[in-house]
Amino acid sequence: MDNKTENEQVNPNAEATAALSIEECRAELEKARAESAEYLDQWRRSVAEMSNFRKRMQREQAEYNVNATARVVERMLPVMDDMDRAIAALPNTQASNDWSTGFRMIQQKLHAVLDQEGITPIPTTGQMFDPSLHEAVSYEEQPGYKEGQIIAEVSRGYRLGDRILKPSMVRVAKQPTAR
C-alpha cells in the first residue's frame with residue numbers, strides 16, 4: 001500500500017473534514033468581516049457624534065458670549081442715552097470747560113467700547129419707519145417728508161449683529177389731512 005491509501009484508511013472522512021473545516025473557516029471569516037464592518041460603522045458614528053458635539057458646544061459658547069455682552073450693554077444703554085442728552089444740552093458758554101471736555105472724552109470712550117463689541121446704532125433720521133427697528137413715539141404732519149419717513153430720533157437704538165438691543169424711539173411723518 002502506498003501512503004495515500006494508508007491515510008485514507010486511517011481517516012476515510014479526511015476530505016469531508018477538510019472541506020467542512022474550510023467552510024467553517026470561511027463562515028468565521030465572513031462573521032469576523034461583518035463584525036469588523038459593524039465596529040467600523042460604530043466608530044465612524046462615534047467620531048461624527050463627537051464632532052457634532054464639539055460644534056454644538058462652540059455654537060452654544062458663542063451664543064452665551066453674545067447674550068452676556070447683550071445683557072451688560074442693555075443695562076449700559078440708558079446711561080449712554082443720558083450722557084448723550086446731557087452733552088447735547090450743554091450751554092455754549094460751558095462747552096469749552098475742562099469738565100465738559102472730559103465728559104465728551106468719556107462719551108467717546110464708551111461709544112468706542114460699544115463699537116469694539118460690535119454694537120452699532122440703528123440709523124433713523126430720513127429713513128423709512130421699520131417697526132422691527134424703530135418705535136414711534138409720535139406721528140406728525142411734516143412738510144418735506146414722505147408718509148412713514150422718520151422726522152427725528154428721540155432716543156438712539158442699538159443692535160448687536162442681527163439682534164436688536166434697544167429700538168430707536170422716533171418721530172414719524174404722516175400724510176397731511178385734507179382740509
Side-chain angles (χ1 to χ4, degrees), residues 33-91 94-142 144-175:
R33 284 181 178 162
E35 284 179 356
S36 172
E38 183 181 336
Y39 293 150
L40 181 61
D41 184 54
Q42 289 174 354
W43 175 77
R44 286 180 178 157
R45 288 175 191 257
S46 295
V47 167
E49 286 176 12
M50 183 57 89
S51 176
N52 290 339
F53 174 75
R54 280 190 199 114
K55 289 175 186 175
R56 187 176 68 244
M57 291 306 293
Q58 288 171 345
R59 252 190 336 268
E60 288 175 2
Q61 182 66 37
E63 187 177 319
Y64 175 79
N65 289 341
V66 166
N67 288 336
T69 299
R71 280 192 306 271
V72 170
V73 170
E74 284 172 343
R75 291 180 183 165
M76 198 172 89
L77 290 178
V79 176
M80 289 291 302
D81 287 343
D82 291 344
M83 183 175 285
D84 291 343
R85 279 191 290 274
I87 289 175
L90 272 176
Q94 301 293 321
S96 62
N97 285 350
D98 289 342
W99 66 270
S100 62
T101 302
F103 209 8
R104 279 194 188 91
M105 290 173 69
I106 293 168
Q107 178 193 33
Q108 290 170 353
K109 286 180 182 180
L110 287 172
H111 282 287
V113 167
L114 294 179
D115 190 46
Q116 288 169 354
E117 291 299 322
I119 295 153
T120 57
I122 297 172
T124 55
T125 305
Q127 302 289 317
M128 293 305 290
F129 177 75
D130 180 351
S132 65
L133 301 174
H134 311 114
E135 189 172 318
V137 294
S138 69
Y139 286 92
E140 306 169 12
E141 293 179 12
Q142 188 74 24
Y145 288 93
K146 297 181 219 167
E147 172 84 17
Q149 191 173 13
I150 297 173
I151 301 168
E153 178 180 81
V154 176
S155 175
R156 183 172 291 151
Y158 294 92
R159 68 169 31 157
L160 176 58
D162 291 338
R163 181 178 177 174
I164 303 300
L165 299 175
K166 177 181 174 251
S168 296
M169 308 289 269
V170 295
R171 294 177 25 227
V172 182
K174 71 176 183 176
Q175 283 287 46

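These values consider heavy atoms only, across backbone and side chains, with no hydrogens, waters or symmetry-generated copies.
Residues L110 and M76 form a side-chain contact, since some pair of their non-hydrogen atoms from C-beta on lies under 4.5 Å apart. Residues V72 and E117 fail the side-chain proximity criterion, which asks for heavy atoms closer than 4.5 Å. Side-chain contact check for E141 versus Q175: every heavy-atom pair is 4.5 Å or farther apart. Side-chain atoms of V73 and Y158, non-hydrogen and from C-beta on, never get closer than 4.5 Å to each other. Between R85 and D82, some side-chain heavy-atom pair lies under the 4.5 Å cut-off. Contact check for D81 versus M169: no side-chain heavy atoms found under the 4.5 Å cut-off.
Here the closest heavy-atom approach between residue A70 and residue L165 is recorded as CB-CD2, 3.5 Å. Smallest separation of non-hydrogen atoms from G157 and S168: N-OG, 3.0 Å. Of all heavy-atom pairs spanning I122 and P167, the tightest one is CD1-CA, 4.5 Å. In this structure, E153 and T125 approach most closely via the heavy-atom pair N-OG1, 3.9 Å. Across V172 and A136, no two heavy atoms sit closer than the pair CG2-CB, 3.9 Å. Taking each heavy atom of R156 and H111 in turn, the nearest pair found is NH1-CE1, 3.7 Å.
The distance from the CZ atom of R71 to the CZ atom of R75 is 7.5 Å, given to the nearest 0.5 Å. Distance check, rounded to the nearest 0.5 Å: CE of M83 to CZ of R104 gives 12.0 Å. To the nearest 0.5 Å, atom CZ of residue R54 and atom CE of residue M57 are 12.0 Å apart. Of the inter-residue distances, the one linking D130 atom CG with T124 atom OG1 reads 12.5 Å to the nearest 0.5 angstrom. A distance of 9.5 Å separates NZ in K174 from OG in S138, rounded to the nearest 0.5 Å. The CD atom of E49 sits 8.5 Å away from atom CZ of R45, with the distance rounded to the nearest 0.5 Å.
Judged as a side-chain hydrogen bond (donor to acceptor under 3.5 Å, both in side chains), and not counting sequence neighbours, the contacts of E38 are Q42.
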Give the intermediate values and the outcome of side chain to side chain contact (heavy atoms under 4.5 Å, CB included) for residues V170 and Q127. CA-CA 10 Å; V170 295; Q127 302 289 317; over 6 Å; no
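K166 places no side-chain N or O within 3.5 Å of a backbone atom of E74 that could act as its donor or acceptor partner. Side-chain N or O atoms of Q149 include one that pairs as donor or acceptor with a backbone N or O of G126 at under 3.5 Å. Put simply, the side chain of H134 never gets that close to the backbone of R171: no donor and acceptor are under 3.5 Å apart.
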